[in-house]
There are 2 protein chains.
Amino acid sequence: MSSPSRRRTEALSRERIVDAAVALLDEAGEGGLTFRALSQALATGPGAIYHHVANKEELLAAATDAVVAGTLAGEPEGSPRDNVRALALGLFDAIDEHPWVAGGLTASSWQATSPRIFERVGRQVRDLGVPQDRWFTVTSVLMQYILGAAAQNAANARILGPDVDRDEFLGAVSTTWEELDADEYSFTRTVADQMRSHDDREQFLEGIDLVLAGIGTTVPGTGTT
Amino acid sequence: MSSPSRRRTEALSRERIVDAAVALLDEAGEGGLTFRALSQALATGPGAIYHHVANKEELLAAATDAVVAGTLAGEPEGSPRDNVRALALGLFDAIDEHPWVAGGLTASSWQATSPRIFERVGRQVRDLGVPQDRWFTVTSVLMQYILGAAAQNAANARILGPDVDRDEFLGAVSTTWEELDADEYSFTRTVADQMRSHDDREQFLEGIDLVLAGIGTTVPGTGTT
DNA sequence: ACCTGAACACCGTTCAAGT
DNA sequence: ACCTGAACACCGTTCAAGT
(Lines give C-alpha, C1' and ligand atoms only; values in the text may rest on other atoms or scores of the structure.)
Protein backbone atom coordinates (compact mmCIF):
# COMPACT_ATOMS: atom_id res chain seq x y z
CA MET A 1 0.00 0.00 0.00
CA SER A 2 2.63 2.53 1.06
CA SER A 3 5.14 1.73 -1.66
CA PRO A 4 3.77 1.36 -5.19
CA SER A 5 6.51 -1.02 -6.26
CA ARG A 6 4.92 -4.01 -4.46
CA ARG A 7 1.39 -3.38 -5.65
CA ARG A 8 0.88 -6.59 -7.60
CA THR A 9 2.54 -9.32 -5.54
CA GLU A 10 4.20 -9.25 -2.18
CA ALA A 11 7.82 -10.33 -2.45
CA LEU A 12 8.30 -14.04 -1.88
CA SER A 13 9.25 -14.90 1.67
CA ARG A 14 9.58 -18.00 3.82
CA GLU A 15 6.50 -16.95 5.74
CA ARG A 16 4.33 -16.51 2.64
CA ILE A 17 5.52 -19.87 1.33
CA VAL A 18 4.75 -21.65 4.59
CA ASP A 19 1.30 -20.05 4.79
CA ALA A 20 0.52 -21.13 1.25
CA ALA A 21 1.79 -24.63 2.04
CA VAL A 22 -0.53 -24.90 5.05
CA ALA A 23 -3.47 -23.79 2.91
CA LEU A 24 -2.59 -26.30 0.22
CA LEU A 25 -2.17 -29.14 2.73
CA ASP A 26 -5.52 -28.33 4.32
CA GLU A 27 -7.27 -28.30 0.97
CA ALA A 28 -5.69 -31.25 -0.74
CA GLY A 29 -3.97 -33.31 1.96
CA GLU A 30 -0.37 -34.43 2.21
CA GLY A 31 -0.33 -35.46 -1.45
CA GLY A 32 -1.53 -32.05 -2.51
CA LEU A 33 1.65 -30.26 -1.44
CA THR A 34 3.56 -29.96 -4.67
CA PHE A 35 6.20 -27.45 -5.67
CA ARG A 36 4.30 -26.87 -8.89
CA ALA A 37 0.93 -26.33 -7.19
CA LEU A 38 2.61 -24.20 -4.56
CA SER A 39 4.46 -22.02 -7.04
CA GLN A 40 1.25 -21.56 -8.98
CA ALA A 41 -0.58 -20.42 -5.85
CA LEU A 42 2.27 -17.96 -5.26
CA ALA A 43 2.37 -16.89 -8.92
CA THR A 44 6.00 -17.84 -9.37
CA GLY A 45 8.16 -20.68 -10.67
CA PRO A 46 8.98 -23.92 -8.82
CA GLY A 47 12.64 -22.99 -8.57
CA ALA A 48 11.92 -19.75 -6.71
CA ILE A 49 10.80 -21.61 -3.59
CA TYR A 50 14.24 -23.11 -3.13
CA HIS A 51 15.61 -19.67 -2.38
CA HIS A 52 13.68 -19.66 0.89
CA VAL A 53 13.29 -23.33 1.79
CA ALA A 54 15.87 -26.09 1.51
CA ASN A 55 13.55 -28.86 0.31
CA LYS A 56 10.14 -30.41 0.71
CA GLU A 57 10.92 -32.05 4.03
CA GLU A 58 11.91 -28.75 5.58
CA LEU A 59 8.81 -27.12 4.13
CA LEU A 60 6.53 -29.76 5.68
CA ALA A 61 8.35 -29.36 9.01
CA ALA A 62 7.88 -25.58 8.87
CA ALA A 63 4.17 -25.94 8.04
CA THR A 64 3.77 -28.40 10.92
CA ASP A 65 5.58 -26.08 13.30
CA ALA A 66 3.38 -23.16 12.27
CA VAL A 67 0.21 -25.07 13.18
CA VAL A 68 1.56 -26.51 16.44
CA ALA A 69 3.00 -23.20 17.60
CA GLY A 70 -0.46 -21.72 17.14
CA THR A 71 -2.05 -24.20 19.52
CA LEU A 72 0.62 -23.62 22.17
CA ALA A 73 0.09 -19.86 22.36
CA GLY A 74 -0.98 -18.44 25.73
CA GLU A 75 0.08 -19.37 29.24
CA PRO A 76 -1.86 -22.11 31.05
CA GLU A 77 -3.67 -20.92 34.17
CA GLY A 78 -5.41 -23.91 35.75
CA SER A 79 -4.29 -26.86 37.83
CA PRO A 80 -1.57 -29.05 36.33
CA ARG A 81 -4.16 -31.72 35.53
CA ASP A 82 -6.45 -29.25 33.80
CA ASN A 83 -3.52 -27.78 31.92
CA VAL A 84 -2.41 -31.17 30.64
CA ARG A 85 -5.93 -31.90 29.50
CA ALA A 86 -6.23 -28.54 27.75
CA LEU A 87 -2.82 -28.90 26.13
CA ALA A 88 -3.61 -32.42 24.93
CA LEU A 89 -7.02 -31.48 23.63
CA GLY A 90 -5.59 -28.47 21.79
CA LEU A 91 -3.11 -30.70 19.99
CA PHE A 92 -5.75 -33.35 19.34
CA ASP A 93 -8.09 -30.84 17.75
CA ALA A 94 -5.32 -29.22 15.70
CA ILE A 95 -4.24 -32.60 14.32
CA ASP A 96 -7.86 -33.54 13.69
CA GLU A 97 -8.32 -30.34 11.71
CA HIS A 98 -4.97 -30.66 9.91
CA PRO A 99 -4.38 -34.44 9.63
CA TRP A 100 -1.12 -33.94 7.71
CA VAL A 101 0.41 -32.50 10.90
CA ALA A 102 0.65 -36.05 12.28
CA GLY A 103 2.92 -37.05 9.42
CA GLY A 104 4.90 -33.83 9.73
CA LEU A 105 5.57 -34.45 13.40
CA THR A 106 6.95 -37.94 13.03
CA ALA A 107 9.01 -36.79 10.04
CA SER A 108 10.73 -33.98 11.96
CA SER A 109 10.71 -35.29 15.51
CA TRP A 110 13.72 -33.94 17.33
CA GLN A 111 13.59 -30.67 15.41
CA ALA A 112 12.00 -27.43 16.51
CA THR A 113 8.43 -28.61 17.04
CA SER A 114 8.87 -31.48 19.49
CA PRO A 115 10.85 -29.55 22.11
CA ARG A 116 8.12 -26.92 22.05
CA ILE A 117 5.50 -29.50 22.98
CA PHE A 118 7.85 -31.32 25.34
CA GLU A 119 8.52 -28.13 27.32
CA ARG A 120 4.82 -27.35 27.72
CA VAL A 121 3.95 -30.85 28.83
CA GLY A 122 7.04 -31.11 31.02
CA ARG A 123 6.24 -28.01 33.05
CA GLN A 124 2.90 -29.52 33.99
CA VAL A 125 4.56 -32.82 34.88
CA ARG A 126 6.88 -30.88 37.18
CA ASP A 127 3.95 -29.01 38.75
CA LEU A 128 2.14 -32.32 39.21
CA GLY A 129 4.74 -33.18 41.84
CA VAL A 130 6.48 -35.95 39.92
CA PRO A 131 9.93 -36.56 41.41
CA GLN A 132 12.65 -34.88 39.36
CA ASP A 133 14.46 -38.06 38.38
CA ARG A 134 11.31 -39.23 36.60
CA TRP A 135 10.60 -36.00 34.71
CA PHE A 136 12.04 -37.08 31.41
CA THR A 137 10.37 -40.47 31.34
CA VAL A 138 6.95 -39.31 32.49
CA THR A 139 6.93 -36.35 30.12
CA SER A 140 8.00 -38.56 27.24
CA VAL A 141 5.29 -41.11 27.96
CA LEU A 142 2.60 -38.45 28.21
CA MET A 143 3.75 -36.84 24.98
CA GLN A 144 3.94 -40.21 23.23
CA TYR A 145 0.36 -40.96 24.17
CA ILE A 146 -0.90 -37.53 23.14
CA LEU A 147 0.79 -37.54 19.75
CA GLY A 148 0.24 -41.25 19.15
CA ALA A 149 -3.47 -41.15 19.85
CA ALA A 150 -3.92 -37.94 17.87
CA ALA A 151 -2.01 -39.41 14.93
CA GLN A 152 -4.13 -42.56 14.87
CA ASN A 153 -7.28 -40.48 15.04
CA ALA A 154 -5.99 -38.38 12.15
CA ALA A 155 -5.34 -41.53 10.12
CA ASN A 156 -8.99 -42.49 10.55
CA ALA A 157 -10.10 -38.99 9.61
CA ARG A 158 -8.01 -39.28 6.46
CA ILE A 159 -9.71 -42.54 5.50
CA LEU A 160 -13.07 -40.98 6.22
CA GLY A 161 -12.50 -37.89 4.15
CA PRO A 162 -14.61 -34.77 4.57
CA ASP A 163 -17.59 -36.15 2.64
CA VAL A 164 -18.19 -39.47 4.43
CA ASP A 165 -20.69 -39.59 7.25
CA ARG A 166 -19.02 -40.52 10.54
CA ASP A 167 -21.90 -42.49 12.02
CA GLU A 168 -22.28 -44.43 8.81
CA PHE A 169 -18.56 -45.21 8.79
CA LEU A 170 -18.48 -46.36 12.41
CA GLY A 171 -21.55 -48.44 11.74
CA ALA A 172 -19.87 -50.11 8.79
CA VAL A 173 -16.71 -50.89 10.79
CA SER A 174 -18.81 -52.15 13.65
CA THR A 175 -20.71 -54.47 11.32
CA THR A 176 -17.42 -55.74 9.89
CA TRP A 177 -16.25 -56.51 13.42
CA GLU A 178 -19.44 -58.39 14.20
CA GLU A 179 -18.88 -60.58 11.17
CA LEU A 180 -15.31 -61.56 12.07
CA ASP A 181 -14.43 -65.15 12.86
CA ALA A 182 -16.03 -66.11 16.19
CA ASP A 183 -12.99 -67.92 17.59
CA GLU A 184 -10.21 -65.72 16.31
CA TYR A 185 -11.92 -62.44 17.11
CA SER A 186 -14.13 -63.20 20.10
CA PHE A 187 -13.07 -60.07 22.00
CA THR A 188 -13.35 -57.70 19.05
CA ARG A 189 -16.84 -59.00 18.27
CA THR A 190 -17.95 -58.37 21.83
CA VAL A 191 -16.98 -54.68 21.75
CA ALA A 192 -18.28 -54.00 18.23
CA ASP A 193 -21.23 -52.05 19.57
CA GLN A 194 -19.03 -50.05 21.94
CA MET A 195 -16.96 -48.98 18.95
CA ARG A 196 -20.10 -47.95 17.08
CA SER A 197 -21.20 -45.50 19.74
CA HIS A 198 -17.87 -44.15 20.94
CA ASP A 199 -16.71 -40.54 20.68
CA ASP A 200 -13.07 -40.02 19.65
CA ARG A 201 -12.51 -36.84 21.60
CA GLU A 202 -14.07 -38.24 24.74
CA GLN A 203 -12.07 -41.44 24.45
CA PHE A 204 -8.90 -39.42 24.01
CA LEU A 205 -9.61 -37.51 27.23
CA GLU A 206 -10.29 -40.77 29.06
CA GLY A 207 -6.89 -41.92 27.87
CA ILE A 208 -5.26 -38.77 29.23
CA ASP A 209 -7.00 -39.31 32.56
CA LEU A 210 -5.86 -42.91 32.61
CA VAL A 211 -2.23 -41.93 32.06
CA LEU A 212 -2.54 -39.19 34.67
CA ALA A 213 -3.97 -41.73 37.08
CA GLY A 214 -0.98 -43.95 36.39
CA ILE A 215 1.34 -41.04 37.13
CA GLY A 216 -0.62 -40.45 40.31
CA THR A 217 0.14 -43.92 41.63
CA THR A 218 3.84 -43.09 41.57
CA VAL A 219 3.22 -39.71 43.23
CA PRO A 220 1.22 -40.41 46.37
CA GLY A 221 -0.86 -37.36 47.08
CA THR A 222 -1.55 -36.42 43.46
CA GLY A 223 -3.97 -39.30 42.89
CA THR A 224 -7.35 -39.12 41.23
CA THR A 225 -8.41 -36.05 43.17
CA MET B 1 12.88 -79.05 -7.96
CA SER B 2 10.27 -81.67 -8.83
CA SER B 3 8.97 -80.08 -12.00
CA PRO B 4 11.55 -78.84 -14.50
CA SER B 5 9.26 -76.15 -15.90
CA ARG B 6 9.80 -73.79 -12.95
CA ARG B 7 13.52 -74.21 -12.73
CA ARG B 8 14.49 -70.63 -13.51
CA THR B 9 11.94 -68.50 -11.70
CA GLU B 10 9.07 -69.37 -9.45
CA ALA B 11 5.81 -68.04 -10.87
CA LEU B 12 4.90 -64.59 -9.60
CA SER B 13 2.53 -64.63 -6.65
CA ARG B 14 1.19 -62.20 -4.11
CA GLU B 15 3.28 -63.89 -1.43
CA ARG B 16 6.53 -63.61 -3.37
CA ILE B 17 5.79 -59.98 -4.14
CA VAL B 18 5.07 -59.14 -0.50
CA ASP B 19 8.22 -60.94 0.65
CA ALA B 20 10.31 -59.01 -1.85
CA ALA B 21 8.63 -55.76 -0.77
CA VAL B 22 9.52 -56.41 2.88
CA ALA B 23 13.12 -57.09 1.91
CA LEU B 24 13.27 -53.91 -0.16
CA LEU B 25 11.71 -51.81 2.59
CA ASP B 26 14.15 -53.18 5.13
CA GLU B 27 17.12 -52.44 2.89
CA ALA B 28 16.20 -49.06 1.52
CA GLY B 29 13.43 -47.67 3.72
CA GLU B 30 9.97 -46.48 2.79
CA GLY B 31 11.34 -44.52 -0.17
CA GLY B 32 13.07 -47.62 -1.49
CA LEU B 33 9.85 -49.43 -2.31
CA THR B 34 9.43 -48.79 -6.00
CA PHE B 35 7.58 -50.80 -8.59
CA ARG B 36 10.65 -50.61 -10.79
CA ALA B 37 13.06 -51.77 -8.08
CA LEU B 38 10.58 -54.41 -6.99
CA SER B 39 10.03 -55.76 -10.48
CA GLN B 40 13.78 -55.88 -11.01
CA ALA B 41 14.23 -57.90 -7.81
CA LEU B 42 11.56 -60.26 -9.09
CA ALA B 43 13.02 -60.35 -12.62
CA THR B 44 9.82 -59.11 -14.24
CA GLY B 45 8.21 -55.92 -15.53
CA PRO B 46 6.53 -53.24 -13.39
CA GLY B 47 3.14 -53.98 -14.90
CA ALA B 48 3.24 -57.63 -13.83
CA ILE B 49 2.88 -56.70 -10.15
CA TYR B 50 -0.53 -55.19 -10.76
CA HIS B 51 -1.90 -58.63 -11.55
CA HIS B 52 -1.45 -59.61 -7.91
CA VAL B 53 -1.68 -56.32 -6.00
CA ALA B 54 -4.09 -53.45 -6.57
CA ASN B 55 -1.64 -50.59 -5.97
CA LYS B 56 1.22 -49.38 -3.83
CA GLU B 57 -0.93 -48.61 -0.81
CA GLU B 58 -2.27 -52.15 -0.71
CA LEU B 59 1.23 -53.51 -1.14
CA LEU B 60 2.53 -51.51 1.83
CA ALA B 61 -0.44 -52.66 3.90
CA ALA B 62 0.25 -56.29 3.00
CA ALA B 63 3.94 -55.93 3.87
CA THR B 64 3.01 -54.33 7.19
CA ASP B 65 0.53 -57.08 7.95
CA ALA B 66 3.11 -59.75 7.18
CA VAL B 67 5.53 -58.31 9.75
CA VAL B 68 2.91 -57.71 12.45
CA ALA B 69 1.31 -61.12 12.02
CA GLY B 70 4.74 -62.62 12.62
CA THR B 71 5.10 -60.92 16.01
CA LEU B 72 1.63 -62.03 17.12
CA ALA B 73 2.25 -65.74 16.53
CA GLY B 74 1.95 -68.03 19.53
CA GLU B 75 -0.47 -67.98 22.43
CA PRO B 76 0.43 -65.91 25.52
CA GLU B 77 0.90 -67.97 28.67
CA GLY B 78 1.70 -65.59 31.53
CA SER B 79 -0.32 -63.22 33.68
CA PRO B 80 -2.32 -60.57 31.84
CA ARG B 81 0.22 -57.92 32.85
CA ASP B 82 3.13 -59.99 31.61
CA ASN B 83 1.29 -60.77 28.40
CA VAL B 84 0.60 -57.11 27.72
CA ARG B 85 4.24 -56.29 28.32
CA ALA B 86 5.39 -59.10 26.03
CA LEU B 87 2.90 -58.14 23.34
CA ALA B 88 3.89 -54.48 23.52
CA LEU B 89 7.59 -55.24 23.49
CA GLY B 90 7.19 -57.57 20.52
CA LEU B 91 5.52 -54.83 18.52
CA PHE B 92 8.05 -52.25 19.69
CA ASP B 93 10.96 -54.41 18.58
CA ALA B 94 9.35 -55.27 15.26
CA ILE B 95 8.73 -51.60 14.48
CA ASP B 96 12.23 -50.73 15.63
CA GLU B 97 13.61 -53.32 13.25
CA HIS B 98 11.26 -52.36 10.40
CA PRO B 99 10.64 -48.62 10.90
CA TRP B 100 8.46 -48.42 7.78
CA VAL B 101 5.85 -50.55 9.59
CA ALA B 102 4.87 -47.48 11.61
CA GLY B 103 3.89 -45.63 8.46
CA GLY B 104 2.16 -48.70 7.10
CA LEU B 105 0.03 -49.03 10.21
CA THR B 106 -1.29 -45.48 10.24
CA ALA B 107 -1.90 -45.71 6.50
CA SER B 108 -4.11 -48.79 6.74
CA SER B 109 -5.57 -48.46 10.24
CA TRP B 110 -8.99 -50.08 10.32
CA GLN B 111 -7.94 -52.72 7.81
CA ALA B 112 -6.76 -56.24 8.57
CA THR B 113 -3.76 -55.43 10.75
CA SER B 114 -5.29 -53.30 13.48
CA PRO B 115 -8.05 -55.74 14.49
CA ARG B 116 -5.36 -58.40 14.84
CA ILE B 117 -3.49 -56.28 17.38
CA PHE B 118 -6.68 -55.04 19.00
CA GLU B 119 -7.89 -58.57 19.65
CA ARG B 120 -4.62 -59.63 21.27
CA VAL B 121 -4.48 -56.59 23.51
CA GLY B 122 -8.18 -56.74 24.27
CA ARG B 123 -8.11 -60.29 25.57
CA GLN B 124 -5.51 -59.29 28.13
CA VAL B 125 -7.57 -56.24 29.10
CA ARG B 126 -10.50 -58.56 29.68
CA ASP B 127 -8.35 -60.93 31.76
CA LEU B 128 -7.06 -57.97 33.74
CA GLY B 129 -10.53 -57.66 35.24
CA VAL B 130 -11.51 -54.40 33.57
CA PRO B 131 -15.32 -54.02 33.66
CA GLN B 132 -16.87 -54.95 30.34
CA ASP B 133 -18.31 -51.54 29.57
CA ARG B 134 -14.79 -50.13 29.56
CA TRP B 135 -13.19 -52.79 27.36
CA PHE B 136 -13.26 -50.82 24.16
CA THR B 137 -11.89 -47.62 25.64
CA VAL B 138 -9.15 -49.22 27.71
CA THR B 139 -8.01 -51.46 24.87
CA SER B 140 -7.98 -48.52 22.47
CA VAL B 141 -5.92 -46.40 24.86
CA LEU B 142 -3.42 -49.17 25.46
CA MET B 143 -3.09 -49.83 21.75
CA GLN B 144 -2.75 -46.12 21.00
CA TYR B 145 0.10 -45.83 23.46
CA ILE B 146 1.86 -48.93 22.16
CA LEU B 147 1.67 -47.96 18.51
CA GLY B 148 2.21 -44.25 19.16
CA ALA B 149 5.33 -44.73 21.25
CA ALA B 150 6.71 -47.34 18.85
CA ALA B 151 6.05 -45.05 15.89
CA GLN B 152 7.85 -42.12 17.49
CA ASN B 153 10.77 -44.35 18.36
CA ALA B 154 10.87 -45.55 14.77
CA ALA B 155 10.92 -41.95 13.54
CA ASN B 156 14.02 -41.35 15.60
CA ALA B 157 15.58 -44.55 14.32
CA ARG B 158 14.92 -43.33 10.79
CA ILE B 159 16.69 -40.04 11.47
CA LEU B 160 19.57 -41.92 13.01
CA GLY B 161 20.02 -44.36 10.19
CA PRO B 162 21.95 -47.59 10.61
CA ASP B 163 25.37 -45.92 10.43
CA VAL B 164 25.02 -43.20 13.09
CA ASP B 165 26.18 -43.95 16.60
CA ARG B 166 23.29 -43.83 19.05
CA ASP B 167 25.22 -42.47 22.02
CA GLU B 168 26.74 -39.79 19.85
CA PHE B 169 23.31 -38.83 18.55
CA LEU B 170 21.73 -38.64 22.00
CA GLY B 171 24.70 -36.65 23.19
CA ALA B 172 24.25 -34.18 20.34
CA VAL B 173 20.52 -33.77 21.03
CA SER B 174 21.23 -33.39 24.73
CA THR B 175 23.78 -30.66 24.03
CA THR B 176 21.27 -28.88 21.79
CA TRP B 177 18.76 -28.99 24.61
CA GLU B 178 21.26 -27.56 27.08
CA GLU B 179 21.84 -24.63 24.75
CA LEU B 180 18.16 -23.74 24.37
CA ASP B 181 16.85 -20.40 25.64
CA ALA B 182 16.92 -20.44 29.45
CA ASP B 183 13.48 -18.87 29.94
CA GLU B 184 11.57 -20.51 27.14
CA TYR B 185 12.99 -23.99 27.68
CA SER B 186 13.78 -24.13 31.40
CA PHE B 187 12.22 -27.58 31.83
CA THR B 188 13.78 -29.13 28.75
CA ARG B 189 17.22 -27.87 29.78
CA THR B 190 16.83 -29.46 33.19
CA VAL B 191 16.20 -32.94 31.78
CA ALA B 192 18.82 -32.76 29.02
CA ASP B 193 21.10 -35.15 30.88
CA GLN B 194 18.24 -37.57 31.57
CA MET B 195 17.60 -37.71 27.83
CA ARG B 196 21.28 -38.40 27.16
CA SER B 197 21.35 -41.50 29.33
CA HIS B 198 17.90 -42.94 28.71
CA ASP B 199 17.14 -46.27 27.07
CA ASP B 200 14.25 -46.32 24.59
CA ARG B 201 13.13 -49.85 25.26
CA GLU B 202 13.23 -49.41 29.01
CA GLN B 203 11.34 -46.14 28.78
CA PHE B 204 8.73 -47.80 26.61
CA LEU B 205 8.20 -50.50 29.22
CA GLU B 206 7.92 -47.87 31.95
CA GLY B 207 5.21 -46.27 29.84
CA ILE B 208 3.34 -49.55 29.57
CA ASP B 209 3.58 -50.01 33.33
CA LEU B 210 2.32 -46.48 33.86
CA VAL B 211 -0.72 -47.08 31.66
CA LEU B 212 -1.33 -50.42 33.38
CA ALA B 213 -1.12 -48.66 36.74
CA GLY B 214 -3.71 -46.19 35.51
CA ILE B 215 -5.97 -49.04 34.48
CA GLY B 216 -5.41 -50.56 37.92
CA THR B 217 -6.83 -47.50 39.67
CA THR B 218 -10.15 -48.09 37.93
CA VAL B 219 -10.05 -51.81 38.75
CA PRO B 220 -9.54 -52.09 42.51
CA GLY B 221 -7.76 -55.34 43.14
CA THR B 222 -5.62 -55.29 40.01
CA GLY B 223 -3.34 -52.51 41.25
CA THR B 224 0.43 -52.44 41.10
CA THR B 225 0.82 -55.97 42.36
C1' DA C 1 -4.63 -65.75 -17.32
C1' DC C 2 -0.49 -63.89 -16.94
C1' DC C 3 3.30 -61.19 -18.35
C1' DT C 4 5.95 -57.43 -21.00
C1' DG C 5 7.68 -52.89 -21.34
C1' DA C 6 6.80 -48.65 -23.64
C1' DA C 7 4.11 -44.64 -22.68
C1' DC C 8 1.50 -41.18 -19.86
C1' DA C 9 1.11 -37.89 -16.49
C1' DC C 10 3.06 -36.69 -12.97
C1' DC C 11 6.94 -35.79 -9.15
C1' DG C 12 11.37 -33.09 -6.50
C1' DT C 13 15.24 -30.71 -7.66
C1' DT C 14 18.81 -28.27 -10.44
C1' DC C 15 20.70 -24.71 -13.07
C1' DA C 16 21.70 -21.61 -16.91
C1' DA C 17 19.83 -17.46 -17.96
C1' DG C 18 17.74 -13.36 -16.87
C1' DT C 19 16.51 -8.91 -13.62
C1' DA D 1 20.10 -11.48 -4.41
C1' DC D 2 16.25 -13.16 -6.28
C1' DC D 3 13.50 -15.13 -9.76
C1' DT D 4 12.36 -17.88 -14.15
C1' DG D 5 11.19 -22.07 -16.35
C1' DA D 6 13.15 -25.62 -19.09
C1' DA D 7 15.43 -29.90 -18.18
C1' DC D 8 16.83 -34.14 -15.57
C1' DA D 9 16.01 -38.20 -13.31
C1' DC D 10 12.84 -40.14 -11.31
C1' DC D 11 7.81 -41.82 -9.81
C1' DG D 12 2.85 -44.85 -9.95
C1' DT D 13 -0.06 -46.62 -13.17
C1' DT D 14 -2.04 -48.06 -17.68
C1' DC D 15 -2.47 -50.72 -21.68
C1' DA D 16 -1.64 -52.62 -26.27
C1' DA D 17 0.76 -56.46 -27.53
C1' DG D 18 2.46 -60.80 -26.78
C1' DT D 19 2.53 -66.04 -24.59
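Heavy-atom basis, side chains included; hydrogens, waters and symmetry copies ignored. Residue numbering restarts at 1 for every chain, and letters A, B, ... go by the order of the sequence lines. Computed from a predicted structure; not experimentally measured.
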Review point. Under a 4.0 Å heavy-atom cut-off, which of residues 22-38 of chain A touch DNA chain C?
Key: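 Correct list: A/L33, A/T34, A/F35, A/R36.
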Check your understanding: So do the side chains of A/V22 and A/W100 get within less than 4.5 Å of each other, counting heavy atoms only?
Key ->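 In short, these two side chains touch, coming nearer than 4.5 Å.
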Check your understanding: So do the side chains of B/F187 and A/V121 get within less than 4.5 Å of each other, counting heavy atoms only?
Key ->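 Sidechains of A/V121 and B/F187: no contact.
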Nearest 0.5 Å, what's the [atom1]-[atom2] distance between [X] and [Y]?
X: A/L72; Y: A/E119; atom1: CG; atom2: CD; value: 11.0 Å
X: A/L170; Y: A/R166; atom1: CG; atom2: CZ; value: 4.5 Å
X: B/Y185; Y: B/T190; atom1: OH; atom2: OG1; value: 14.0 Å

For [X] and [N], what is the distance between atoms [atom1] and [atom2] respectively, to the nearest whole Å?
X: A/R16; N: D/dC3; atom1: CZ; atom2: P; result: 9 Å
X: A/K56; N: C/dT14; atom1: NZ; atom2: P; result: 14 Å
X: B/N55; N: D/dG12; atom1: CG; atom2: C1'; result: 9 Å
X: B/Y50; N: C/dG5; atom1: OH; atom2: P; result: 17 Å
X: B/H52; N: C/dA1; atom1: NE2; atom2: C1'; result: 9 Å
X: B/R14; N: C/dA1; atom1: CZ; atom2: C1'; result: 18 Å
X: B/I17; N: C/dC2; atom1: CD1; atom2: C1'; result: 11 Å
X: A/Q40; N: C/dG12; atom1: CD; atom2: P; result: 14 Å

**Study point:** Given DNA chain C, 5'-ward residue of the pair A/H51 and B/G47, judged by closest heavy atom
**Key:**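 Final value for this comparison: B/G47.
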Could you pull out every donor-acceptor pair under 3.5 Å between side chains of residues 28-43 of chain A and any protein atom, sequence neighbours left out?
| from | atom 1 | to | atom 2 | distance (Å) |
| --- | --- | --- | --- | --- |
| A/S39 | OG | A/F35 | O | 2.9 |
| A/S39 | OG | A/R36 | O | 2.9 |

**Study point:** Heavy-atom closest contact (A/R189 atom, A/L180 atom, distance)
**Key:**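 Looks like NH1-O, 2.7 Å.
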**Study point:** Exam field: side chain B/S174 to backbone B/A192, donor-acceptor pair closer than 3.5 Å
**Key:**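 Yes; at least one donor-acceptor contact below 3.5 Å.
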Check your understanding: Around atom CD of B/E57, are there more than 12 heavy atoms of other residues, nucleotides or ligands at under 6.0 Å?
Key ->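 12 or below, so no.
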Study note, to complete from the structure: Symbol by symbol from the 5' end, with Watson-Crick or G-U pairs under 3.5 Å, [ ] crossing and | another strand, DNA chain C is ||.|||||...|||||.||
